[in-house]
Amino acid sequence: EESGVRVGRVQYHSSQPFPLPASLMIGCLGYATSENISVDKEELEDAQWFTRQQVAEVLTGAPLPTDALTNPRAEGPSFFLPPTQAIAHQLVKAWLRMSPNL
């Protein structure tokens with residue numbers, strides 16, 4: 001919701017405890033019906049689309065150039081994935097395993 005991306009079908013994937021206030025976070029995979037992004041700056045700093053290849057390279061530890069985050073022309077990915085214990089990391093891995101022809 002913070003990115004403004006419209007989704008159609010949503011599929012439950014998993015859940016994990018959320019510490020405050022003693023809640024449960026659910027992780028779902030949503031199928032985008034549009035590529036338009038409209039960032040809610042109160043909730044997110046940035047939102048972007050990445051290719052499967054870009055995400056796979058970051059997941060497998062492809063080295064980032066030292067200036068990747070400050071230089072938009074730097075080669076290589078300019079993002080980081082959440083730590084492995086985070087539900088977001090598990091959702092990214094699940095997305096990579098899915099067929100790209102859905």
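In this chain, residues are counted from 1 in sequence order. From a predicted model like this one, the values you see are computed outputs, not experimental measurements.
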Here the pair of heavy atoms bringing Leu24 nearest to Pro17 is CD1-N, 4.1 Å
Glu42 meets the side chain to side chain donor-acceptor pair (under 3.5 Å) criterion, sequence neighbours left out, with none
Sorted by chain and number, sequence neighbours left out, side chain to side chain contact (heavy atoms under 4.5 Å, CB included) with Ser23 holds for Phe18, Pro21
By side chain to side chain contact (heavy atoms under 4.5 Å, CB included), Glu35 pairs with (sequence neighbours left out) Trp49
What donor-acceptor contacts under 3.5 angstrom involve side-chain atoms of residues 80-98, with partners at least two apart or in another chain?
from, atom 1, to, atom 2, distance (Å)
His89, ND1, Pro82, O, 2.8
Gln90, NE2, Thr84, O, 2.6

Members sharing Ile26's hydrophobic cluster, built from side-chain contacts under 4.5 Å between Ile, Leu, Val, Met, Phe, Trp and Tyr, are Tyr12
Checklist entry - Same hydrophobic cluster for Ile37 and Phe50, using side-chain heavy-atom links shorter than 4.5 Å among ILVMFWY? => result no
The reported gap from OG in Ser3 to CD in Gln48 (rounded to nearest 0.5 angstrom) is 12.0 Å
Across all chains, not counting sequence neighbours, the side chain to side chain donor-acceptor pair (under 3.5 Å) partners of Ser34 are Asn36
For Glu45 and Lys41, the nearest pair of non-hydrogen atoms, with its separation, is O-NZ, 3.0 Å
Applying side chain to side chain contact (heavy atoms under 4.5 Å, CB included) to Glu43 and not counting sequence neighbours gives Glu2, Asp40
The side chain to side chain contact (heavy atoms under 4.5 Å, CB included) partners of Thr51 (sequence neighbours excluded) come to Gln53, Gln54
